[in-house]
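The structure appears right after this line, and notes come after that.
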Amino acid sequence: MDIWKLFVIALMPNLKVLLITVLGTFLAINRLDILTETARKNMNTMVYFVFSPALACSSLAKTITLRSMITLWFMPLSILLTIIIGTALGWLLVKIARVPRHLRGLVLGCCAVETDPENHSKCSTQTLVTTEDRYHTKNCVNQLEIEIVVPNGQEKKEKLMQCPQTLAIWSNLKLLFPPTLIGAIVGLIIGIVPQFRKLLVGESAPLLVIQDSLIMIGDACLPAMTMLVGANLLEGLKGQGAQLPIIVGIIIVRNIVLPAIGVGIVKGAVHFGLIHHDPLYEFVLLLQFALPPAVAISTSTQLFGNGRGECSIIMLATYSCAAVSLTLWCTFFIWLVL
């Protein structure tokens with residue numbers, strides 16, 4: 001395959017993202033006023049609680065089987081290593097670039113391609129740091145307790161004192177099990193349990209209509225998220241964009257450092273016999289280290305109501321650079337695995 005064909009193949013997915021991003025920006029301008037602030041919040045809520053879980057569930061249920069999980073066991077481990085290494089590199093970037101406190105979670109998420117959004121907008125919209133979200137949540141609970149307890153006396157107070165602990169446990173469970181993770185778990189169960197798979201997946205499945213409905217709902221996830229990135233891009237263009245050192249640092253981590261580390265991990269796994277020599281499998285493992293940050297990170301920033309403009313600027317820059325970097329890395333990966 002010549003370099004030009006490879007360039008076109010690598011360019012097309014990124015070009016689609018950029019075109020949909022431009023559409024989102026166009027729909028958010030004041031003259032049209034279609035993707036207003038309220039519309040973006042409502043769309044983001046749909047993405048977080050409906051579209052994204054449906055996409056995760058339908059995709060995993062359709063593609064994952066017990067046999068494939070056994071054969072491709074190294075892929076989840078490789079993804080986990082990507083997150084761990086990306087988080088460590090992101091932490092170094094935070095220290096070196098002196099990233100403002102309210103953008104640290106965003107930078108870590110962009111470097112690790114992983115985010116864990118939690119809607120605490122009623123308590124705090126100033127940070128993506130989980131510990132501070134818990135602190136503000138507890139403050140809200142305490143204020144609510146005082147308002148209820150004082151008029152009703154001491155006896156009521158003793159009963160309500162258990163509420164903060166119960167709500168804190170519930171908040172932690174929500175943090176550990178966001179909707180997308182729940183959808184992924186359900187999809188895995190459907191995929192690996194033969195009885196569920198025969199019932200829901202395949203042309204002859206009695207309840208195929210449920211799987212088809214999930215696929216239709218999940219198909220709306222990526223376009224909706226990408227348009228939100230474009231709509232929030234206006235805030236970045238108005239002067240709320242991320243600092244240049246932060247953007248350059250994320251591009252270096254995602255497009256240079258992580259792919260290079262991925263080469264060492266994958267070739268090391270082949271050398272020590274952890275995975276069998278399969279050019280296509282190795283290429284997929286290598287490719288995941290070279291991909292740009294997940295667009296789903298914008299969902300988190302929209303939920304928190306903070307860092308939306310900065311996130312959009314980062315996404316625009318990283319996906320623009322990915323058109324070139326992915327071409328170069330794909331060329332090198334193909335040469336490496338053959």
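Quick note: residue numbers are just sequence positions, from 1. Values reported hereafter were calculated over all heavy atoms of this structure, with side chains retained and with hydrogens, waters and symmetry mates removed. Predicted model only: the values in this text are computed from it and were never measured.
Tracing side-chain contacts under 4.5 Å through hydrophobic residues (I, L, V, M, F, W, Y), one never reaches Ile210 starting from Met216; they form parts of separate clusters. Clustering ILVMFWY residues whenever any of their side-chain heavy atoms sit less than 4.5 angstrom apart, transitively, puts Val94 in a cluster other than the one holding Ile84. Residues Val99 and Ile96 do not share a hydrophobic cluster, defined by chaining ILVMFWY side chains whose heavy atoms lie under 4.5 Å apart. Note on Leu285 and Ile83: same hydrophobic cluster, where clusters join Ile, Leu, Val, Met, Phe, Trp and Tyr whose side-chain heavy atoms are under 4.5 Å apart, directly or indirectly. Linking ILVMFWY side-chain heavy atoms closer than 4.5 Å, directly or via other members, places Leu72 and Ile79 in a single hydrophobic cluster.
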Candidate pair Thr87 and Cys111, rule side chain to side chain contact (heavy atoms under 4.5 Å, CB included), full reasoning: CA-CA 6 Å; Thr87 302; Cys111 292; over 6 Å; no
Hey, mind stepping through Trp91 and Arg104 against side chain to side chain contact (heavy atoms under 4.5 Å, CB included) and telling me if it holds? CA-CA 8 Å; Trp91 181 82; Arg104 291 177 183 176; over 6 Å; no
Before you tell me yes or no, could you show the steps for Thr318 and Cys110 under side chain to side chain contact (heavy atoms under 4.5 Å, CB included), namely the whole-Å CA-CA distance, both residues' side-chain angles and the distance that decides it to 0.1 Å? CA-CA 10 Å; Thr318 52; Cys110 289; over 6 Å; no
Step by step, work out the side chain to side chain contact (heavy atoms under 4.5 Å, CB included) result for Tyr281 and Phe74. CA-CA 10 Å; Tyr281 184 36; Phe74 189 78; 3.6 Å; yes
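No donor-acceptor pair closer than 3.5 Å links the side chain of Trp329 to the backbone N or O of Phe289. Distance alone, capped at 3.5 Å, is enough to place a donor-acceptor pair between the Thr25 side chain and the Gly230 backbone.
For the pair Ala54 and Gly218, the tightest heavy-atom approach, listed with the atom from each and the gap, is CB-N, 3.9 Å. Residue Ala28 comes nearest to Arg40 through the heavy atom pair CB-NH1, 4.2 Å, listed as atom of the first residue, atom of the second, then distance. Across every non-hydrogen atom of Pro259 and Val253, the tightest pair is CD-O, 4.2 Å.
For the atom pair OG (Ser320) and CE (Met315), the distance works out to 12.0 Å, reported to the nearest 0.5 Å. Distance SG/Cys321 to CZ/Arg254: 13.0 Å, rounded to 0.5 Å. How far CG of Leu286 is from CD1 of Ile334: 11.0 Å, rounded to the nearest 0.5 Å. Here Asp212 contributes atom CG and Leu207 contributes atom CG; the two are 11.0 Å apart, rounded to the nearest 0.5 Å. Taking OG1 of Thr82 as the reference point, atom CD1 of Ile265 lies at 6.5 Å (rounded to 0.5 Å). Separation of atoms OG1 (Thr21) and CE (Met227) is listed at 10.0 Å; rounding is to 0.5 Å.
For the pair Glu203/Leu208, a side-chain contact is recorded, criterion being any heavy-atom separation below 4.5 Å from C-beta on. By the 4.5 Å heavy-atom criterion applied to side chains, Val270 and Leu274 are not counted as neighbours. At a threshold of 4.5 Å between non-hydrogen side-chain atoms, the residues Val337 and Val266 do not count as touching. Inter-residue side-chain proximity for Leu326 and Leu287 is flagged as met; some heavy-atom pair is nearer than 4.5 Å. With contacts defined as side-chain heavy-atom distances shorter than 4.5 Å, the pair Met225/Asn44 does not qualify. In this structure, the side chains of Trp335 and Thr331 stay at 4.5 Å or more apart for every pair of heavy atoms.
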Side chains of residues 186-200: which donor-acceptor partners sit under 3.5 Å, not counting sequence neighbours?
from	atom 1	to	atom 2	distance (Å)
Arg197	NH1	Ala61	O	2.7
Arg197	NH1	Ile64	O	3.1
Arg197	NH2	Lys62	O	3.1

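Every pair passing side-chain hydrogen bond (donor to acceptor under 3.5 Å, both in side chains) that includes a residue from residues 66-79 is listed here, sequence neighbours excluded: Thr65-Ser68, Ser78-Gln288. Evaluation of the salt bridge (Lys or Arg N to Asp or Glu O under 4.0 Å) test over residues 255-277, restricted to residues two or more places apart or in two chains, returns Lys267-Glu282. Judged as a salt bridge (Lys or Arg N to Asp or Glu O under 4.0 Å), not a single pair has a partner in residues 271-281 (not counting sequence neighbours).
Test Ile34, Thr36, Leu35 against Leu32 for side-chain contact (heavy atoms from CB on, under 4.5 Å) and you get one pass: Ile34.
When the shell of 6.0 Å around NE2 of His271 is examined, it contains 12 or fewer heavy atoms from other residues, nucleotides or ligands.
For the side chain to side chain donor-acceptor pair (under 3.5 Å) test, residues two or more places apart in sequence or in another chain that qualify with Thr180 are Ser52. Remark: Phe51 pairs with no residue by the ring pair (Phe, Tyr, Trp, His ring centres under 6.0 Å) rule, at least two apart or across chains.
Ring-plane geometry between Phe333 and Phe283 is classed as perpendicular, the angle between the planes exceeding 60 degrees on a 0 to 90 degree scale with a lower cut at 30.
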